There are 2 protein chains.
Amino acid sequence: MDAQLRDRWLATAHERLAAAGLRTGAARERVMECLARDAQCLVSVQELMDRLRRDGGGGSQASLYRILDELHGLGLLHRHVLPDGTSRYELALPGTRHHHFVDEASGRVEPFTDPDLERAIATAARRLGLRMTGHEVVITGRRAVTDGRDQGSSADAP
Amino acid sequence: MDAQLRDRWLATAHERLAAAGLRTGAARERVMECLARDAQCLVSVQELMDRLRRDGGGGSQASLYRILDELHGLGLLHRHVLPDGTSRYELALPGTRHHHFVDEASGRVEPFTDPDLERAIATAARRLGLRMTGHEVVITGRRAVTDGRDQGSSADAP
DNA sequence: TTAGATGCAAAGCTTTTGCAGGATA
DNA sequence: TATCCTGCAAAAGCTTTGCATCTAA
C-alpha cells in the first residue's frame, strides 16, 4: 500500500467533492478511506463491503454503490468490469494508470505498467482518428512456470 | 457481413462440436447460424435473442445462454463484458482477432485491428513471464471532428 | 435405448431505486 | 432550515439452474 498515493488521493477527492458542492457524510468518509487504502488496484464491491464491515463502520450496500458511482462520476475512480460481470474500482490519479493481468489459475487481478504498450495504444487511437478518453487492457493467462529462471526485466516501472 | 468468414466459422464449429461428442440440435443450429451471420463483431445476448425471434425460429433464453457458454468453452466465441455489465460475443477464428473501440457519443462498439498494438501486448506478456491465453483492449473515446482532414493511414489491416 | 438437447419456470446475483429519517452547512 | 446523505427494503436486470420432455445417434 502506497501511503503517499493514499493521501494524495484523499486530498484530491475531498477537494473535488467540495468543489462539486457536496457535503461530508460519515458513510462516504469511511468508504473513501477504505478505497484510499485498499483500492490502489482493482477491488470488487463485495471486497469493499467486507472490509468496511471488518473495519467496524458498517454501512449499507446501497450507500456503497451510490458512493462508488458518485466518485466514478467525478473522475476519482476507474471502473472495470471483469469477465464474470462484476465491477471493480480503483483510484484514479494522473500518473498512476496501469493495465491488468488476470491470473486464470487463481482468479487474481494484478496491475502492471508498460510504457511501450501505452504508446502503442495512443498511436492506434491517433491512427483511428479518435479523441481517446480512456482505455483498458486486460491480459488473461497464467504465470509461466518459472522454475527459478530469470523472467527478464519486469515491465513494471520501478 | 463476411460470407467467407461465416462459412469458415460454421464449418469449424460443426467440426469441433462433433469432435467433442455433441449431438446436433435444432436450437443450437439456429443460434450458430445467427452467430455466423451477425456476430462477426460483438453482439449482445439480447440482440441475438431478438434476431432469433425475428428469424422465426424462436428458442428459449435458457438455451441461448447455455449454447453461448458452450461455444465459448470450445473456443468458438470470444466473450467480452461491457462497462454496463452485459456480455457480448463474437466469432473466434485464428487471424480474425481485433480490438474494440467504444464510441461514447453513440454507445456503439466498433472493431479495429492494429498489428503494432498486438505486438506490444505480446511483448508485455513475455516481459511479465506470462503464458497469455487471451487479451482485450477497449479504447473509449469519441471520433475526432475530422472536417475532411486526412486521418492518416487506417490502423485497420487491409 | 441412451446420452444429449430443449423449454419453461424459478432461483441467484449484482446493482439500482423509492422512501423515510438523520445529518450538514 | 434547506439540502444533501444514509439505511432499509423492495425492485430490476441479466444469467444460471432444476426438472420434465423430447430427440439424435
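Every chain is numbered from 1, with letters handed out A, B, ... down the list of sequences. The model shown is predicted, which means the values in this text are computed figures rather than measured ones.
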query: Given side chains that start at C-beta, do those of B:Leu48 and B:Leu35 come closer than 4.5 Å, heavy atoms only?
result: yes

query: Please give, in whole Å, the distance from D:dA25 P to B:Leu17 CG?
result: 12 Å

Separation of D:dC5 C1' from A:Ile67 CD1 (nearest whole Å): 8 Å

- request: Please tell me which of B:Asp69 and A:Ala27 maps to the more 5' nucleotide of DNA chain D, matching each residue to the nucleotide holding its nearest heavy atom.
  value: A:Ala27

B:Leu68 CG to D:dT15 P, straight-line distance once rounded to whole Å: 10 Å

field: Pairing of A:Asp114 and B:Arg127 as salt bridge, 4.0 angstrom limit
entry: yes

message: Under 3.5 Å, is there any donor-acceptor pair linking the side chain of A:Arg66 to the base of D:dG7?
response: yes

- prompt: Below 4.0 angstrom from OP1 or OP2 of C:dT14, is there any side-chain N or O of A:Ser87?
  reply: no

message: What contact category does B:Gly59 fall into here, base, sugar-phosphate, or nothing, at under 4.0 angstrom with non-hydrogen atoms?
response: sugar-phosphate

Upstream residue (5' side of DNA chain D) when B:Arg23 and A:Ser60 are each assigned their closest nucleotide: A:Ser60

message: So, does A:Tyr65 get its side chain near the phosphate of C:dT15, meaning an N or O under 4.0 Å from OP1 or OP2?
response: yes

task: Look at the side-chain N and O atoms of B:Ser63 and state whether any lies under 4.0 Å from the OP1 or OP2 oxygen of C:dT6.
output: no

task: Return the value, rounded to whole Å, for the distance between atom CE of A:Met49 and atom C1' of D:dT6.
output: 12 Å

- prompt: Atom CD of B:Glu29 to atom P of D:dC22: distance rounded to whole Å?
  reply: 21 Å

message: OP1 or OP2 of C:dA5 versus the side-chain N and O atoms of B:Arg28: is any pair under 4.0 Å?
response: yes

field: B:Glu70, nearest nucleotide to its side chain (from C:dA5, D:dC14, C:dA9)
entry: C:dA5

message: So, does A:Arg30 get its side chain near the phosphate of D:dC5, meaning an N or O under 4.0 Å from OP1 or OP2?
response: no

field: Polar contact flag, side-chain donor to acceptor under 3.5 angstrom, A:His98-A:Glu110
entry: no

message: Strictly below 4.0 Å: does B:Thr24 bring a side-chain N or O up to OP1 or OP2 of C:dA5?
response: no

message: What is the distance, to the nearest angstrom, from the CG atom on A:Leu71 to the P atom on D:dC5?
response: 11 Å

task: Before accepting this row, confirm whether a basic side-chain N of the pair A:Asp38/A:Arg6 lies closer than 4.0 Å to the acidic partner's carboxylate O.
output: no

- prompt: Starting at CD of B:Gln61 and ending at P of D:dT15, how long is that distance when rounded to a whole Å?
  reply: 8 Å

- request: Using atom CZ of A:Arg53 as one end and atom P of D:dG7 as the other, report the distance to the nearest whole Å.
  value: 11 Å

- prompt: Regarding B:His78 and B:Glu136, is there a side-chain donor-to-acceptor distance under 3.5 Å anywhere?
  reply: no

